[in-house]
Colleague: 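Before we start, here is the structure in question, set down as structure tokens.
Being a predicted model, the structure only gives us computed values, none of them experimental. Any value given below was found using the heavy atoms of this structure, including those in side chains, with hydrogens, waters and symmetry copies removed. We count residues from 1, following the sequence as given.
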Amino acid sequence: MDQYELYCLTDGLVYDTPGRPASGSADFAVAARRVPEGWQRTATDVWMSYAPREIELPPQGWKIHVSSRVEDAERALETVWDYCVPRGLAFKFLRSHAVMVMFNSKSAFRGSSGKLVTIYPRDVAELELVLKELDELMTGVEGPYILSDLRYGDGPLFVRYGGFTPRYCLDGRGARVLALENDLGELVPDVRGPVFATPPWVPLPEFLEPHLAARNAVTVSGLPYAIESVVQFSNGGGVYLGRVRTTGERVLLKEGRPFAGLDVAGRDAVERVIHERDIMRRLSGLDSVPAVHDHFTVGDHHFLVVEFVDSVPLQRVLVMRYPLTHPDPAPDEVAGYTTWALEMLDRVGRAVDALHERGVVFGDLHPDNVLVGTDDRLVLVDFEVSTLVADDARPALAHPGYAAPADRQGADVDRYALACLCLGLFAPQTTTMLTLHPAKCLHLAELIAETFPVPRATLDRAVRTILGARADDASTELRSVPMPGAAEWEHVRDAMCRAMVASATPGREDRLFPGDIAQFQPGGGVNVAHGAAGVLYALASTGAGRFPEYEDWLCARALAADQEAGPGFYAGLHGVAYVLEELGRRQDALDTMERCLGLELDAPELGLYSGIAGVALSLLHLGDRTGDRAFHDAAWRLVDVTADRLGGPEDVPVISGGDHPRAGLLHGSSGPALLFLRAYERDRDPALLDLAATALRQDLRRCIRAEDGTLQVNQDWRTLPYLDEGSVGIAVVLARYLTHRRDEAFQAALGDLLGVIRARYFVQSGLFTGRSGLIAAAGMMARSGLAPGRVTDADLTELVRRLAWHALPYGGGLAFPGDQLLRLSMDFATGTAGVLFAVGTVLHERPVFLPFLEPPADASHRRTMGPAGRLDPDHARKEV
């Protein structure tokens, strides 16, 4: 969630670029200086970059970073300008105080946080000279340690080897990342982790060796505590599990990094650690608060040592016990969970009351800060933003799903969080949406009351606390919005269309519709997953309408995109070409495809999202549409490449994701399986079916049977049912395979994979990793007849109806939050366009299918819809 929180700071309703001028922050004074003669300036939402026009920098090399605390920023910037400009050194700096704080907040990426300035020396000799001279000029400037870099001396200068100009490649998981050229001339990922390291082929300059030795000399080996493992990291520091060396007693050590992890009050992590120590000492003796053991410093880092409680977070207990994530939960299971949740709510409330009696406001109450011990002891943790009841103050940091609105201070902050916990125990994580529309709590309470035997008085009390003074005149806006599964399909479709149109910003260059934060990556504003192409495709496919102005925007940006946009299908320009062809803009599609053919296809993955399978399928499709043999020839060459690189059924690890390649329809072997099936349907070569079977077995190898009997993708720490990397994505391809060849093992697996569609709750609503993906998979199977008997009308009705958990009003219409639920999204992968498309697969009168998943030409079974846009009760089967 950390990076998502950064993209929440500019706009209260949608994700947007951190530091965008709309946030109202003034630039640093140095940014107003006249651009030196012979120099050029490039301004982005985050950086101000300066370089001599005639300079020829290498594409990569050693670069210098200047770190600074807020108080020293203006002096540091003036010093850098005055030093670099006369010497012709290219440099860039964060453009404003607000951006600087944002990129050094607690939720910022900890590896690169702390950078204020980047300087680009032309070679190692210049690197050494600049460091020496600038270090003397920066005496007295202090700043946070940049974890990805090597510190020069004890001042604010740091060095790292990396790219000077943006170049990209795909990493081992298929993600498009910044790249370096290795000693073999290959582009490889430019890894930017929280530990200093040089690429294997780059030697450390000799003059930096003493600085590396000084860095390595700082250890914790001499402490009275042995650190055994990391519990978690933030930009402010880590939390570690350790033992007292003399007694073996287990303890927790909480680290505070100086000048890092800033909150809205401007406090750094050190100040918060000291504050937490003082608060916890005030609460000493309460059973719900761990005891304080020690407080010490190592290299300016502060460590608070507290009692270790053998426990798990309430959030994890909730996930393990929550009944609606399993198929067909029994009434007694739902009732038993309700009893447990209400008892837990009462226990947390009594623990918070005890804090208030000691004069302390917790300030950061949420399920991850409530621990349930193995001995059933309940403990509250993380008091770094706690305040005193007498101060009637507000915390400087809070969990977004439990953060009280601006009209709450003092103990009312905790009371608000307890009310959110009341709803959150029955509708996990949905309270995050209350920042988008507070009156959603009324709707959530109704849905909870329909589903769980919770006393209505309990829910009403929570709603009144959340709404506060607005309780009597809470917005009825949501009640007027047509809900999926309740209103007519056309009304629901038009409401989602209104929201998307209301969100459009055709005057912007980077994106047309707000979506996931991935749209701010190269090509993200135009592609199918997160850009304009996916939204326009969903609108047109479901009959919501055509929008020539928006299509023109897409064409212009696609044709102007450089190679950073990538050639993939959902993540790149091949998908844009597909959409333009579907929209009837043949020449624009061909022009975009010509751009694609000029891009280097260096994908290490074979998948549908950004890999070779998606590219090959788009070429086959355009070849079919245009009759151009060249597209088919290029596609068949990629089929051969995919076959050569596929491997055997056991040539993939049993774990998906993390350091391993991912499984599933979009990122795993089911994408290549779909390619082989589509190729077989043209060529009828049984070897292609063999390859498809091998690919499917690779994905099934990465599935595990859950306790409820369903088969889901195994991510080691969780299982996934979703469309992109989960079980239903595999199922839609497996069902297609079974129309061509019998396989009893595959038949059995198909039923187990599809069991997840009978679960009643999903944390997110999106198409790729949420409820809508299951709706789309089930809807496409029902409409195509590829898995007869596997999907019922009741399954479809429940899946669609329960979209109400996430439905929100926007722009006179209906919208849905994106991934993490922190902001609304209109995109195809995570937001409203994907929800629209998914519901269309079930209710639109003309069958709607994801690209390349329309049924084979000889499929004979179809479902039809009744006149009201609901499933025909007579289950009539007709050719469509």
Side-chain angles (χ1 to χ4, degrees), residues 1 225-234 236-244 247-256 272-273 276-277 279-295 303-323 325 336-337 339-356 358 360 362-386 397-399 401-402 414 417-418 420-422 424-426 428-429 707 716-718:
M1 184 185 295
Y225 308 98
I227 294 177
E228 296 182 341
S229 62
V230 176
V231 177
Q232 67 179 38
F233 277 123
S234 75
V239 178
Y240 309 93
L241 177 62
R243 288 186 185 272
V244 180
T247 66
E249 179 187 1
R250 302 178 82 183
V251 292
L252 281 179
L253 298 90
K254 185 169 185 177
E255 175 191 22
R272 289 197 303 275
V273 163
E276 182 168 17
R277 177 201 65 192
I279 290 288
M280 293 180 72
R281 286 176 175 170
R282 183 184 182 110
L283 299 171
S284 177
L286 290 182
D287 186 60
S288 58
V289 179
V292 175
H293 287 344
D294 197 1
H295 176 229
F303 289 85
L304 176 63
V305 185
V306 301
E307 172 191 7
F308 169 75
V309 179
D310 191 6
S311 58
V312 294
L314 175 59
Q315 177 64 30
R316 192 180 306 171
V317 180
L318 185 163
V319 169
M320 291 187 294
R321 300 185 66 133
Y322 193 69
T325 54
Y337 175 83
T339 299
W340 170 84
L342 291 175
E343 290 175 351
M344 186 59 63
L345 181 66
D346 181 64
R347 293 181 64 190
V348 175
R350 284 187 274 116
V352 171
D353 287 343
L355 265 59
H356 293 177
R358 293 282 187 96
V360 171
F362 189 14
D364 196 15
L365 175 64
H366 58 84
D368 280 318
N369 279 350
V370 178
L371 305 184
V372 181
T374 55
D375 59 355
D376 206 36
R377 177 185 174 190
L378 187 143
V379 173
L380 305 178
V381 295
D382 205 351
F383 292 88
E384 64 180 43
V385 297
S386 295
L397 291 170
H399 187 285
Y402 294 80
D414 285 346
L418 278 167
C420 289
L421 182 64
C422 176
L425 285 168
F426 299 99
Q429 299 189 35
E707 291 183 4
D716 196 24
W717 62 283
R718 63 175 180 173

Colleague: If you look at every heavy atom in Phe233 and Gly238, which pair is closest and at what distance?
Modeller: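 Nearest pair, atom of Phe233 first, then Gly238: CD2-CA, 3.6 Å.
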Colleague: So do Val370 and Leu380 actually touch side chain to side chain, heavy atoms under 4.5 Å?
Modeller: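 A side-chain contact exists here, since the closest heavy-atom pair is under 4.5 Å.
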Colleague: Once you measure the plane-to-plane angle for Tyr337 and Phe426, does it fall in the parallel (<30°), tilted (30-60°) or perpendicular (>60°) bin?
Modeller: perpendicular
Colleague: Nearest 0.5 Å, what's the CG-CG distance between Asp414 and Leu421?
Modeller: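 It is 11.5 Å, given to the nearest 0.5 Å.
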Colleague: Is the closest basic N to carboxylate O distance between Arg377 and Glu307 below 4.0 Å?
Modeller: yes
Colleague: Any heavy-atom pair between the side chains of Asp294 and Val251 that's under 4.5 Å?
Modeller: no
Colleague: Pick from Leu253, Val230, Val231: which one makes a side-chain contact (heavy atoms from CB on, under 4.5 Å) with Leu241?
Modeller: Val231
Colleague: Taking the side chain as every heavy atom from C-beta outward, state whether Met344 and Val372 have any atom pair closer than 4.5 Å.
Modeller: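 Met344 reaches Val372 side chain to side chain.
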Colleague: Can you tell me how far CG of Leu283 sits from OG of Ser288, rounded to the nearest 0.5 angstrom?
Modeller: 8.0 Å
Colleague: For residues Ile227 and Tyr225, determine if any side-chain heavy atom of one lies less than 4.5 Å from a side-chain heavy atom of the other.
Modeller: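 Side chain of Ile227 against side chain of Tyr225, heavy atoms only: no contact under 4.5 Å found.
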Colleague: Given side chains that start at C-beta, do those of Val305 and Val244 come closer than 4.5 Å, heavy atoms only?
Modeller: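 Heavy-atom side-chain distance check fails, nothing below 4.5 Å.
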Colleague: Tell me the closest heavy-atom pair linking Arg347 and Asp376, and the distance in Å.
Modeller: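 Heavy atoms of Arg347 and Asp376 come nearest at NH2-O, 2.5 Å.
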Colleague: Using 30° and 60° as the class boundaries, would you call the ring planes of His399 and His366 parallel, tilted or perpendicular?
Modeller: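 His399 and His366: tilted rings.
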Colleague: For His356 and Asp353, test the side chains for any donor-to-acceptor distance below 3.5 angstrom and give the result as yes or no.
Modeller: no
Colleague: Where is the tightest heavy-atom contact between Gly373 and Ser311, given as atom of each residue plus distance?
Modeller: CA-CB, 3.5 Å
Colleague: Do you know the tightest heavy-atom contact between Ala351 and Leu378?
Modeller: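 So the minimum-distance heavy-atom pair works out to CB-CD2, 4.0 Å.
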Colleague: Salt bridge check: are Lys254 and Asp382 linked by an N-O gap of less than 4.0 Å?
Modeller: yes
Colleague: So how far is it from Arg316 CZ to Trp717 CH2, rounded to the nearest 0.5 Å?
Modeller: 10.0 Å
Colleague: Which atom pair, heavy atoms only, marks the closest approach of Pro428 to Leu318?
Modeller: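 Minimum heavy-atom contact is CG-CD2, 3.5 Å.
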Colleague: Could you measure the distance from the CG atom of Asp346 to the SG atom of Cys422? Nearest 0.5 Å is fine.
Modeller: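 It comes to 11.5 Å.
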Colleague: When Val306 is tested against each of Arg277, Met280, His295 for side-chain contact (heavy atoms from CB on, under 4.5 Å), which residue passes?
Modeller: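 Between Val306 and the candidates, side-chain contact (heavy atoms from CB on, under 4.5 Å) is satisfied uniquely by Met280.
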Colleague: To the closest 0.5 Å, what do you measure between CZ (Arg358) and CZ (Arg282)?
Modeller: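 Spacing of CZ (Arg358) from CZ (Arg282) equals 9.5 Å.
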Colleague: Compare all side-chain heavy atoms of Val360 with those of Ile279 and state whether any distance is below 4.5 angstrom.
Modeller: yes
Colleague: Distance check, rounded to the nearest 0.5 Å: Asp310 atom CG versus Asp375 atom CG?
Modeller: 8.0 Å
Colleague: Can you tell if the side chain of Asp364 reaches within under 4.5 Å of the side chain of Glu384, non-hydrogen atoms only?
Modeller: no
Colleague: For Glu707, is the CD atom crowded, meaning more than 12 foreign heavy atoms sit under 6.0 Å from it?
Modeller: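 No, CD of Glu707 has 12 or fewer neighbouring heavy atoms, counting only those of other groups under 6.0 Å.
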Colleague: For the residue pair Asp368 and Leu314, establish whether any side-chain heavy-atom pair is separated by less than 4.5 Å.
Modeller: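 No, every pair of side-chain atoms sits at 4.5 Å or beyond.
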Colleague: Leu371 and Pro313: which non-hydrogen atoms are nearest, and at how many Å?
Modeller: CD2-CA, 3.8 Å
Colleague: Among Glu276, Glu255, Arg272, find the residue that satisfies the side-chain contact (heavy atoms from CB on, under 4.5 Å) test when tested with Leu304.
Modeller: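 Going through the options one by one, the only one that passes is Glu276.
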